[in-house]
Amino acid sequence: MEPLVEASDLSKTFAAGGFFRSRYGQAFRAVERVSLAVYPGETLALVGESGCGKSTTGRLLLGLLEPSGGRVCFQGRDLSTLGRAGLRSLRRRMQMIFQDPYGSLNPRFTVGRTLAEPLRLHLGLSGSELSGRVARLLETVGLSPSDEGRYPHQFSGGQRQRVAIARAVAVSPDFVVADEPVSALDLSVQGQIIRLLTELKKSLGMAMLFISHDLSVVRSLADRVAVMYAGRVVELAPAGRLFAGPEHPYTRLLLDSVLEAAPGKKSEHRAPEAPPDNTYPATAGGCGFHGRCPLADPGCLAGIPELSECYPEHWVACRCIHSI
Amino acid sequence: MAGAGSTSELLRVDDLSVNLSSGVPAVDSVSFELRRGECLALVGESGCGKTLTGLSLLLAVPPETGSTAAGSIRLDGCELTALGRKRLRSVRGGRISMIFQDPAAALNPLFTIGSQVVETILAHLEVSKAEARQRALGILEDVGLKNPQRFLGLYSHQLSGGQCQRAMIAVALSTEPELLIADEPTTALDVTVQRQILDLLVRLRREKGLALLLITHNLALVAHLADRVLIMYAGQIVESASLEELFEAPRHPYTRALLECIPRLDARPGLPATIPGNVPVPGRWPAGCRFRERCAAARPGCERPQRLQPLEARPGTLVRCWLAAGMNLDNE
């Protein structure tokens, strides 16, 4: 199958200046040589800690940021060659859902207006056709058509996220990037939103990049999982495979960090080491994870490990894991 | 901290009610006690009134949000609601401290971490500036900020999320409080950092004999930290049990639903469990059992008022559900 979205050798460096100059020195490499493909209808989860470059990768895939190196193709077309008008026509087919729906919804627009906007702009709907569509959208995401006249602050966090999802799927996109869409929500509501996303994905046949820092959240909806660390993809595998047999030490650390929902193991667990701070020191030619890695030895500083296939479809970037 | 001191009562709350500024009740006759060195968890979804309960223990509910309507809060037998402002200030941030979900918002961005810790110490303890500084270094190290000298001079924007949370805990602990109220202390953090903050809280409890009121919606966190659990729904306590009993045999249908919502790695992939609907907002609480509209076990009779009553079969456990509280015990 042809990938819907394909990133090859994608890099993004943020120039230092102003506020961040002291923090990052010269330039901050947020994403380094990431190659990923998202296939039609699949959910690819992108997992890692704050600052690992997962949100930047999501934005690059949507063409919201310009890459410093490499390229992104949507159905074989390089985004950088499209120009502004070309990109705009693609926007309908690529949408984004953010972590904080309160920040991403216009507080002065009623929900009805928020949802009508993309329908008018992209599909040219108006009048009763438009209002009928808005009403149906609200029902699709589990809200009531009578909510149309309400403002974002009148909804709970979960309901607001439903509105944000409705806006994203309003124009029937082929590809949605969901950036930590449930992290700010109660566990009980997280489940509701994940169910909704799963249903929508099935009924609309859209592909999704689901960004999260928590592997347990990803468990129920991902087809494949990519784990990122310090700007690079360090492991990529089908979800079942990754949860049953994680290979990269960082993936294991992430899995170990998930709290078990059972008492009796109080304070016995091992605390995984955090990054010294979330700037990730420049990897001077070595594996970026070696400072926290239980398997690290001096050889890990010799070169940056490339992704290699350790099982069919299962890729790992670690010199301690042998490829097939 | 073991021995007689660890079992005596530190805090006792009786029939605490908090009204929103509109006059609508948001916390409804909450009673509990907290022993020295104990960790009590207050668990429920957003909008259940748990944060308001926490804030009202410090008499720190912002006036534009609401006010304490009734009830008594006694710390070591001393009635806090009757204290004058000056005495209250020595308790607040002194004997009782609080940490919040968003440390970046709780720390002052214009002052260094060091000055915030030192200022807190100077405000509450009678020590010299030099002593306060020395103390601050010790506390920063205690909360796991290695090289504390360096952190003294940093501002909150220069710290990562986990370091911010540690710094806030340092400010909270700088006056050696007996009780720490922790409101969703890990929710905004990466899973790896959540784990570290959890370990820090476990260690601080052990080393300092700190009593902890843990406010959270996540029962997985509770499982690793708490001794006893209060489940709160729509302003009321609906279940009160020891940690082991709560996980072994949760009684209230709401407790069961919360437990099922914890994402598990070992589970077979499938759709995650949810609780349908939303917590009713204050003012729209249904009569009788407030959970019944979302409850899978609801039946005629649930619309009658529900009492928080002890379980005969399990002394010490209280449950506010007539179905769970007795009549069905024989069938189980």
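Order of the sequence lines fixes the chain letters, A, B, ..., with proteins taken first and strands second; residue numbering starts at 1 for each chain.
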Report task. Would you mind checking which part of A:Leu221 comes under 4.5 Å of any heavy atom in chain B, side chain (CB onward), backbone (N, CA, C, O), both or neither? Result -> neither
Report summary line: The residue among A:Arg292, A:His248, A:Glu49 that forms side chain to side chain donor-acceptor pair (under 3.5 Å) with A:Tyr229 is A:Arg292
Report task. Examine the side chains of A:Asp214 and A:Ser216 and answer whether a donor and an acceptor come within less than 3.5 Å of each other. Result -> yes
Requested in this report: Would you confirm whether A:Gln154, through its side chain, and A:Tyr151, through its main-chain N or O, come within 3.5 Å as a donor-acceptor pair?
Outcome: yes
Query raised in the report: What part of B:Gln101 is in contact with chain A, defined as an atom under 4.5 angstrom from a non-hydrogen atom: side chain, backbone, both or neither?
Result: neither
Query raised in the report: More than 12 non-hydrogen atoms from neighbouring residues, nucleotides or ligands closer than 6.0 Å to CD on B:Glu64, yes or no?
Result: yes
Report task. Side chain from CB out, backbone as N, CA, C, O: work out which of these in B:Asn278 comes under 4.5 Å of a heavy atom of chain A, or both, or neither. Result -> side chain
Query raised in the report: Which residue out of A:Ile194, A:Val258, A:Leu254 racks up the most heavy-atom pairs below 4.5 Å with chain B?
Result: A:Val258
Query raised in the report: B:Leu189 versus chain A, heavy atoms under 4.5 Å apart: side chain, backbone, both or neither?
Result: backbone
Query - Rounded distance (nearest 0.5 Å) linking atom CG of B:Leu154 with atom CD of B:Gln149 - result: 11.5 Å
Requested in this report: Measure distances from A:Gln159 to the heavy atoms of chain B and classify the residue's part below 4.5 Å as side chain, backbone, both or neither.
Outcome: side chain
